[in-house]
Amino acid sequence: MGAKMSVKDHAVKIDEYTHEIPKKSDLGMNAPVKIYGNPSIYKMLDRGVFQQIINVSKLPGLVGHAMTMPDAHWGYGFPIGGVAAFDVNKGVISPGGIGFDINCGIRMITTNLTVAEVKPKIRELINTLYDLIPAGVGKKGSVPLSMQQFRDVAEKGTEWCIENGYGWDEDLEKQENNGCLTAADFSVVSDKAKSRGIKQLGTLGSGNHYCEVQTVNQIFDPDTAKIMGVRDKDQVVVMVHCGSRGFGHQIASDYLREFLNKMETKWNIPIYEKELSAAPINSKEGQNYLKAMSAAANFGFANRQVIMSHVRKGFEQIFGRTAEDMEMNLVYDVAHNIAKQEEYLIDGKSRQVIVHRKGATRSFGPNSKDIPSIYKSVGQPVILGGSMETGSYLLAGTEAAMRNSFGSTAHGSGRTMSRSKAKKKIKGHVLRSQMEAKGIYVRAASMAGLAEEAGFAYKNINDVIDSIHGADLSRKIAQLVPIGNIKG
DNA sequence: ATGTCC
């Protein structure tokens, strides 16, 4: 055949939800690739995702498959929606496989309020939350910190917040890793990262970061939902989506540059793609990145914890009851931009790997280590944030995810349209009125930023959910739809 | 994602 072969042509259909690209040495692959998505998702996947995940498979020490989740799209180096596990001794760690926004993640909070109680006060509530939670690019936080305190935040994560009045004792266990990666070490973080981060605790940021008031629209598994605190249709819940702000961004930038400078010369790793700079996990540099990334991850957990305390305060002001009385309990906090050392059974052998999840959510199944006792029987809560207009999902981790995707699943809808194109299609204030007409009251730090997040710029979330539920990477528990949103 | 380029 004379026509140029597309990377997509190498893929073989395994089942309704899975394609595989076998390891091809002539493409330079060190490992096979797995692509998750139902036929509709698969058809729409752009060629860049295939090329990027093939590039990932060329990195040394990759274990099992390099994978993309159904919400995958083009990212920096790795695709967003990418999962890759590397051997702890022979493998690498790559900042591009984690993302600039280290520990970007979502937490979900329940209430015992109903939509009928909240709707009449939604404007007042959103306006109050908007005043309590600093949002937008470059915003300074509501928690002034000394450098010593900032160090404690970066090394202790959520625990610092609880000790300092930003939350309840019981919040601590309902977070991935209890809201703290113990490897964190502030001393391997640059002064520049420290000076950017010290002012940012308790800030939402920009882009697709938000605090959203939602109602339960549908419950798929009432028993599991109940364990997670979701009991009734029309119950009001809150989701907070943000990360480690300028602190994590600077750490990612610092180490990307350092690794690129040393990759070929010091470690003899071929550079197929500059954005995929990486260091051997057992090198000094690799270990330092792991420590700095952990510090950023802890800041991300702490950031969402402080924001949650603002959310509780805002509800108290508007509804005149205590947060305890309104049962504003944390369901769970999950990261979707992070790397972790975890143990998996590979070809009958137990192996320690560094799992990179970039735009991918941990999805640990029932009886896994490291999930709270209350969720042992049903699996870890998985929180998947949709676009502002189409709603979000609560799911549960599965045993199949432990076997097939290094305990990982999708993280959101996944963009299909560039930010610039979305902005050309609609003006922020027009979108705001349209959403208001649909019953979603929005306050946004930037109207241009709002337009970039229009629902039409994202994949159909139902296809993403159908894909992960169908592939059993996580199972549907409940669907949530927005009634109010604060956007960065 | 991000003091949207040091």
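Atom CG in A:Leu256 sits about 16 Å away from atom P in B:dT2, given to the nearest Å. Rounded to an integer number of Å, the gap from A:Asp254 CG to B:dC6 P is 12 Å. Taking atom CD of residue A:Glu452 and atom P of nucleotide B:dT4, one finds them 14 Å apart after rounding to whole Å. Per the geometry, CZ belonging to A:Arg257 stands 15 Å off C1' belonging to B:dT2, to the nearest Å. Computed from coordinates, the A:Tyr76 OH to B:dC5 C1' distance equals 13 Å when rounded to whole Å.
Ring pair A:His19/A:Tyr42 is parallel by interplanar angle, where below 30° counts as parallel and above 60° as perpendicular.
Using a 4.0 Å heavy-atom cutoff across all strands shown, A:Arg415 reaches no nucleic acid atom at all. Contact annotation for A:Gly99: no contact, since no heavy-atom pair falls under 4.0 Å across all strands.
Within the structure, no pair that satisfies the side chain to side chain donor-acceptor pair (under 3.5 Å) test touches residues 289-300 of chain A, not counting sequence neighbours.
A:Ser94 and A:His356 share no side-chain donor-acceptor pair at under 3.5 Å.
For A:Ser206 and B:dT4, the shortest distance from a side-chain N or O to OP1 or OP2 is not below 4.0 Å.
Salt bridge annotation for A:Glu176-A:Lys340: present, with a cationic side-chain nitrogen under 4.0 angstrom from a carboxylate oxygen.
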